[in-house]
Participant: 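The structure's right below; bear with me while I get my questions together.
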Amino acid sequence: MITQKELQEKFQNLDLIQRIYFFDSIDSTNTFGISLVKQSAISGTLILAEEQTQGKGRLGRNWISSKELGLWFSVILKEKELPKKPLLSMLFAACLTSVLREMNFDASVKWPNDVLVNRKKVCGILAQTTSKSDLIVIGTGINANHEFLPKDLPNASSLFLESGKKINRLDLLYKFLLEVESELKDSASEWVKFWKMNCNFIGEEIRLTSNEKTFEGKFCGVSENGELVLSLHKDKKMFFQAGDTTLKAKA
Ligand code: BT5
């Protein structure tokens, strides 16, 4: 169990975090974040919950956020150049991957902003904005100590399941936010380089679904704007701003 006191003490020296909200249970930390943004939120707000009853994925999907087993949180940041929004969520995924690699996990980002360990999803990220504010709510869900995940999510896993070791969630959150704080100082083109460094799958054959169409080809990395670059055949390359990628099973 995480306590408010531990949280305040641990994060008081982190410049990135200026204000903390901590909930035992909430519908969604992102929904709460968006409601704050509509009132008077400040950049550097962290919203953390032990459980989400209506955790959200992209495109109205559901995100399972079981009590005390993961890290379910949102960070509110100010971003003046809105094209950076997709890059910001990619940066978050790359920061977590880098921290997990330091902890000896075989971690990788998967476009657009999932984090996989041993090719299984342990983290998803959802960035949201409102039209009237330049604040962005970036929600991160990390499966930490689950001993099992629902059978209908065969590609999902937790850090415990992949390592056999229980994770100290506050330590992980701290390391992650420290990494974000440091990487935010870099330029967007450095973020893209950092994302690529943290990706194991460049050069692999993948399937991409975008606007209900499916494409198969070689994943060539990402553009300066964070678009996925897919090589279909010979010299033909396609760029995608949004979509879902599926890795092919490795022989
Ligand atoms: C995501 O969406 O991966 C973004 C998830 C963001 C969750 C965080 S938690 C804190 C903040 N507050 C929120 O309400 N949300 C954010 P997407 O790529 O659309 O993936 C969603 C899909 O992943 C679902 O349709 C399921 O198939 C699968 N899924 C659901 N729960 C999962 C889990 N705990 N672990 C792995 N996969 C899951």
Side-chain angles (χ1 to χ4, degrees), residues 2 20-37 41 45-77 85-86 88-97 100 107-129 136-162 167 169 172-173 176-177 180 206-212 226 228 240-247:
I2 293 171
I20 301 177
Y21 293 83
F22 178 52
F23 296 93
D24 195 40
S25 181
I26 197 171
D27 52 356
S28 150
T29 57
N30 262 39
T31 305
F32 183 78
I34 288 289
S35 69
L36 281 184
V37 165
T45 301
L46 169 70
I47 306 147
L48 175 72
E50 283 288 29
E51 171 189 55
Q52 294 185 120
T53 52
Q54 287 173 58
K56 294 191 298 185
R58 292 175 302 139
L59 305 167
R61 294 176 193 141
N62 175 39
W63 182 260
I64 296 166
S65 318
S66 317
K67 189 147 197 156
E68 291 171 15
L69 292 179
L71 281 166
W72 325 122
F73 62 97
S74 303
V75 179
I76 301 178
L77 291 177
K85 177 182 158 197
L88 203 52
S89 11
M90 288 172 75
L91 177 72
F92 269 52
C95 286
L96 181 66
T97 302
L100 292 177
S108 173
V109 289
K110 180 172 84 78
W111 192 87
N113 39 41
D114 289 348
V115 178
L116 310 194
V117 167
N118 300 331
R119 301 173 78 86
K120 291 188 175 163
K121 179 161 171 171
V122 297
C123 165
I125 290 165
L126 172 69
Q128 293 185 278
T129 45
I136 301 187
V137 179
I138 308 155
T140 307
I142 307 172
N143 298 333
N145 290 327
H146 301 65
E147 294 180 5
F148 53 86
L149 279 136
K151 284 207 174 61
D152 61 345
L153 296 179
N155 293 321
S157 193
S158 72
L159 299 175
F160 171 73
L161 283 169
E162 297 307 315
I167 298 294
R169 291 175 298 147
L172 177 60
L173 180 60
F176 168 69
L177 292 174
V180 170
I206 62 160
R207 184 174 306 123
L208 176 112
T209 308
S210 183
N211 287 329
E212 294 176 9
L228 175 134
F240 294 89
Q241 284 177 352
D244 284 295
T245 51
T246 313
L247 301 173

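Both counts, for ligands and for their atoms, begin at 1 and track the order of listing. Numbering of residues begins at 1 and proceeds along the displayed sequence.
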Participant: Among protein heavy atoms, which sits nearest to atom 10 (C) of ligand 1, and what does the distance come to when rounded to 0.1 Å?
Facilitator: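 Ranking protein heavy atoms by distance from atom 10 (C) of ligand 1, first comes Thr29 OG1, 3.3 Å.
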Participant: With a 4.0 Å cut-off on heavy atoms, is Leu59 touching ligand 1?
Facilitator: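 No heavy atom of Leu59 comes that close to ligand 1.
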Participant: Give the residue and atom name of whichever protein heavy atom lies nearest to atom 30 (C) of ligand 1, and the separation in Å to one decimal.
Facilitator: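 The closest heavy atom on the protein side is Asn62 O, 3.3 Å.
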Participant: Starting from atom 27 (O) of ligand 1, find the nearest protein heavy-atom neighbour and note its residue, name and distance.
Facilitator: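 I find the closest protein heavy atom is Leu153 CD2, 3.3 Å.
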Participant: Starting from atom 25 (O) of ligand 1, find the nearest protein heavy-atom neighbour and note its residue, name and distance.
Facilitator: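 Looking only at protein heavy atoms, the one closest to atom 25 (O) of ligand 1 is Arg61 CD, 3.4 Å.
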Participant: Would Asn30 and Ser74 count as having a side-chain donor-acceptor pair, cut-off 3.5 Å?
Facilitator: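 The criterion, which ignores hydrogens and geometry beyond distance, is satisfied for Ser74 and Asn30.
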Participant: What is the nearest protein non-hydrogen atom to atom 12 (N) of ligand 1, stated with its residue, atom name and distance?
Facilitator: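 Ranked first by proximity to atom 12 (N) of ligand 1 is Gln52 OE1, 2.9 Å.
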Participant: If you look at every heavy atom in Leu48 and Thr29, which pair is closest and at what distance?
Facilitator: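 Shortest heavy-atom separation between Leu48 and Thr29 comes out as C-CG2, 4.3 Å.
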Participant: Examine distances only and state if a side-chain atom of Gln128 and a backbone atom of Ile136 form a donor-acceptor pair shorter than 3.5 Å.
Facilitator: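 Not confirmed, Gln128 side chain does not pair with Ile136 backbone.
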Participant: For atom 15 (N) of ligand 1, what is the closest protein heavy atom, and at what distance to 0.1 Å?
Facilitator: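 Protein heavy atom with the smallest distance to atom 15 (N) of ligand 1: Lys56 O, 2.8 Å.
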Participant: State the atoms of ligand 1, each with its element, that fall below the 4.0 Å cut-off from a heavy-atom position in Thr140.
Facilitator: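 Those qualifying, in numeric order: 8 (C), 9 (S), 10 (C).
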Participant: Do Thr245 and Lys110 have side-chain heavy atoms sitting under 4.5 Å apart?
Facilitator: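 Side-chain contact under 4.5 Å: yes.
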Participant: Ignoring hydrogens, what is the shortest heavy-atom contact between Ile167 and Asn145? Give both atom names and the distance.
Facilitator: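 Scanning both residues, the minimum pair turns out to be N-OD1, 2.7 Å.
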Participant: Closer than 4.0 angstrom, basic N to acidic O: yes or no for Lys56 and Asp27?
Facilitator: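 Between Asp27 and Lys56 there is no salt bridge, as every charged N stays at least 4.0 Å from the carboxylate O atoms.
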Participant: Would you check the N or O atoms of Gln54, main chain and side chain alike, for any that come under 3.5 Å of an N or O of ligand 1?
Facilitator: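 No, no N or O pair falls under 3.5 Å.
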Participant: Give the residue and atom name of whichever protein heavy atom lies nearest to atom 3 (O) of ligand 1, and the separation in Å to one decimal.
Facilitator: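 Here the nearest protein heavy atom works out to Lys121 NZ, 2.8 Å.
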Participant: Salt bridge between Arg119 and Glu162, side-chain N to carboxylate O under 4.0 Å?
Facilitator: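 No salt bridge links Arg119 with Glu162.
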Participant: Determine whether the side chain, the backbone, both or neither of Asn155 has a heavy atom under 4.0 Å from any heavy atom of ligand 1.
Facilitator: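 Near ligand 1, Asn155 shows nothing, with every heavy atom at 4.0 Å or more.
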Participant: Does any N or O of ligand 1 fall below 3.5 Å from an N or O anywhere on Ile64, backbone included?
Facilitator: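 Yes, since at least one N or O of Ile64 sits under 3.5 Å from an N or O of ligand 1.
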Participant: Output yes when Arg207 and Asp244 qualify as a salt bridge under the 4.0 Å nitrogen-oxygen rule, no when they do not.
Facilitator: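 Looking at Asp244 together with Arg207, the answer is no, because their closest N to O distance does not fall below 4.0 Å.
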Participant: Gly55: heavy atom below 4.0 Å from ligand 1, yes or no?
Facilitator: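 Yes.
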Participant: Side chain or backbone of Asn143 under 4.0 Å from ligand 1, or both, or neither, by non-hydrogen atoms?
Facilitator: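 The side chain, only.
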Participant: Is a donor on one side and an acceptor on the other found under 3.5 Å between the side chain of Thr97 and the backbone of Ala93?
Facilitator: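 Such a contact is found between Thr97 side chain and Ala93 backbone.
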Participant: Could you find the nearest protein heavy atom to atom 2 (O) of ligand 1 and give me its residue, atom name and distance?
Facilitator: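 Looking only at protein heavy atoms, the one closest to atom 2 (O) of ligand 1 is Arg58 N, 3.1 Å.
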Participant: Is it the case that the side chain of Trp72 and the backbone of Ser66 share a donor-acceptor pair, with hydrogens and angles ignored and the cut-off at 3.5 Å?
Facilitator: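 Yes.
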Participant: Which of the listed options, Trp72, Phe32, Phe73, Trp63, holds the heavy atom that is closest to atom 38 (C) of ligand 1?
Facilitator: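 Shortest heavy-atom distance from atom 38 (C) of ligand 1: Trp63.
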Participant: Any atoms of ligand 1 less than 4.0 Å from a non-hydrogen atom of Ala156? List them with their elements.
Facilitator: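 Answer for ligand 1: 36 (C), 37 (N).
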Participant: Restricting to non-hydrogen atoms, name the atom on Gln52 and the atom on Trp63 that form the minimum distance, rounded to 0.1 Å.
Facilitator: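 Scanning both residues completely, I find the closest heavy atoms to be NE2-CD1, 4.2 Å.
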